[in-house]
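To keep things clear, I will list the structure first and then write my remarks on it.
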Amino acid sequence: MIYTFLTAAVFIIMIIVGGALVGFNIYRNYRKRPVGNSKVLSSVSLGLVAVGTLLLILIPGSFHTVEAGNVAVVKEMGVITDVEEPGTYFDFYLTRRYEVYDAKVQQVEIDMDAYTSDAQSMDISMTVQFQIRKDNVKEIAVNYGGLGALTNKIQSVAIERTKATLSQYQAEKLIEERNTISPTVEKEISLAISDKYYVTFNSAVLTDITFSEAFEAAVEAKMMAQQEKLQAQYENEKKKEQAETALYVAEQEAKALVAKAQAEADAQVAAAKAEARAITLKSVEIARMLGYTVNSEITTETDIDGTETSVTVYEIVYDEIHTGADIAEYMKYVEYLSAWDGKLPQVVAGENGFMITLPAVPDNG
């Protein structure tokens, strides 16, 4: 562009200078004060004006600048001869023409209306991005004549594929998945464009899907009802869990009480067994001391918890002499001695003799 301005400025200066000389010569002739050869001066001046005008018409317009990010198709007398990269070129503009194509990423904003599979209308907004292939600029120029026509074609393909894809979904499904439907639409558009249109497809994004206000309100009401239902189910489940927890706690407490009672009962049984064992051992010891025959045998007993223990079982042999009465009397005596506090009996004198008061034996039963 700078070359066009510079050359145009030079030629305009030539024209101005030539015009000034022509005017000056006319003025001097009018004043009848010719300077040298006025005819030569007039010819030079007119020639300068003519050459400057001709060059101004032909030269500046022959500079062609291709900006960065663009590519130019060069046509000579309507026939494509070359493709030029960014730079400045000098070609006679009356025979060679430069058609510039934007090779940067193109972004197309598309608005359309479409229908779902259940005949709900919707307004769609989407953005499609693509980029022409520099190696195929000639084909684009031949088949489409320009980037605008190609863009319109890609836009038509994107609209057709988007409508076909969205028509497979019900409206409520689209509302639920509107944030994830874009990849599906993008894939369909990419497959449709492929390599057919000499471009590199970048992306297609659904920026908005809008249904009618009545339908949106109906869906919102339905979703609220579902949320309320889910909330009620959640509360019921929570109450059920609380009830089950309370039941479990009660069962555990009951089991604990039973276990405690069982433990106490087992303790009592064990104490009773121990006491009975002690009495038995005392009886055996007294029987042996009194001359009784005592037989013994080792056997195995199983406790409540399943534990087996070895115990000795004693058998006192009774006969006409050893009837066991003396053992019982002796046991009472031993029990008395175990409870005696060491004090002697009280002796009281009376009319009929002496009365001995023995301390009472405590009742352990």
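Residue numbers count from 1 along this sequence.
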Nearest heavy-atom neighbours spanning [X] and [Y]:
X	Y	value
Tyr292	Tyr318	CE2-CD2, 3.8 Å
Tyr98	Glu84	CE2-CG, 3.9 Å
Glu186	Asn202	OE2-O, 4.1 Å

Atom [atom1] of [X] and atom [atom2] of [Y]: how far apart are they, to the nearest 0.5 Å?
X	Y	atom1	atom2	result
Ile154	Tyr197	CD1	OH	8.5 Å
Tyr115	Ser117	OH	OG	14.0 Å
Ile298	Thr312	CD1	OG1	4.5 Å
Ile124	Thr210	CD1	OG1	7.5 Å

Tell me which donor-acceptor pairs under 3.5 Å the side chains of residues 233-241 have, and how far apart each pair is, sequence neighbours excluded?
residue	atom	partner	partner atom	Å
Glu235	OE2	Gln231	NE2	3.3
Asn236	ND2	Ala232	O	3.3

Just distance, no hydrogens or angles: give the donor-acceptor pairs under 3.5 Å from side chains in residues 160-169, sequence neighbours left out.
residue	atom	partner	partner atom	Å
Thr162	OG1	Ala158	O	2.7
Lys163	NZ	Asp113	O	3.4
Thr165	OG1	Arg161	O	2.8
Ser167	OG	Lys163	O	3.2
Ser167	OG	Ala164	O	2.8

Any non-hydrogen side-chain atom of [X] less than 4.5 Å from a side-chain atom of [Y]?
X	Y	value
Phe130	Val105	no
Arg96	Val74	yes
Glu76	Val79	no
Gln106	Gln129	no
Gln107	Glu109	yes
Asp195	Arg133	yes

Verdict with reasoning, Ile132 to Tyr101, per side chain to side chain contact (heavy atoms under 4.5 Å, CB included) = CA-CA 9 Å; Ile132 66 171; Tyr101 287 76; 3.9 Å; yes
Matching residue for Leu206 among Ile110, Thr184, Val185, Thr127 - test: side-chain contact (heavy atoms from CB on, under 4.5 Å) =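 Only match with Leu206 under side-chain contact (heavy atoms from CB on, under 4.5 Å): Val185.
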Which atom pairs, donor and acceptor, lie under 3.5 Å between side-chain atoms of residues 135-152 and protein residues at least two apart or in another chain?
residue	atom	partner	partner atom	Å
Asn143	ND2	Glu139	O	2.7
Thr151	OG1	Leu147	O	2.8
Asn152	ND2	Gly148	O	3.3

Any ion pair linking Lys134 and Glu85 (charged N to carboxylate O, less than 4.0 Å)?
->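 Here Glu85 pairs with Lys134 in a salt bridge, since their nearest N and O are under 4.0 Å apart.
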Gln131 side chain to Thr200 side chain, donor-acceptor N/O pair below 3.5 angstrom =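 No, no side-chain donor-acceptor contact under 3.5 Å.
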Answer yes if the side chains of Ser125 and Asp111 hold a donor-acceptor pair under 3.5 Å, and no otherwise.
->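 Per modelled atom types, Ser125 and Asp111 side chains form a pair under 3.5 Å.
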Report yes or no: do Val73 and Val100 belong to one cluster of Ile/Leu/Val/Met/Phe/Trp/Tyr joined by side chain heavy-atom distances under 4.5 Å?
->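 Unlinked, Val73 and Val100 end up in two clusters.
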Residues forming a salt bridge (charged side-chain N to carboxylate O under 4.0 Å, His left out) with Lys104, sequence neighbours excluded |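 Lys104 satisfies salt bridge (charged side-chain N to carboxylate O under 4.0 Å, His left out) with Asp102 once adjacent residues are dropped.
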Contacts of type salt bridge (charged side-chain N to carboxylate O under 4.0 Å, His left out), residue Glu172, not counting sequence neighbours =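 Partners of Glu172 under the salt bridge (charged side-chain N to carboxylate O under 4.0 Å, His left out) test: Lys222.
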So does Glu177 have more than 12 non-hydrogen atoms from other groups sitting under 6.0 Å from CD?
->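 It does: Glu177 CD has more than 12 such atoms within range.
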Decide yes or no on side chain to side chain contact (heavy atoms under 4.5 Å, CB included) for Met126 and Ile189, but give the supporting numbers first.
-> CA-CA 12 Å; Met126 68 182 304; Ile189 296 175; 3.6 Å; yes
Do Asp208 and Asp123 pass the side chain to side chain contact (heavy atoms under 4.5 Å, CB included) test, and can you show the C-alpha distance, the side-chain angles, and the key distance before you say yes or no?
-> CA-CA 8 Å; Asp208 187 44; Asp123 295 326; over 6 Å; no
Kindly indicate, with the supporting measurements, whether the criterion salt bridge (Lys or Arg N to Asp or Glu O under 4.0 Å) is fulfilled by Glu251 and Lys255.
-> CA-CA 6 Å; Glu251 289 177 349; Lys255 288 180 179 179; 5.4 Å; no
Considering residues at least two apart in sequence or located in another chain, which fulfil the side chain to side chain contact (heavy atoms under 4.5 Å, CB included) criterion with Thr116?
->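 Asp118, Gln120, Met122, Ala171, Leu174, Phe211.
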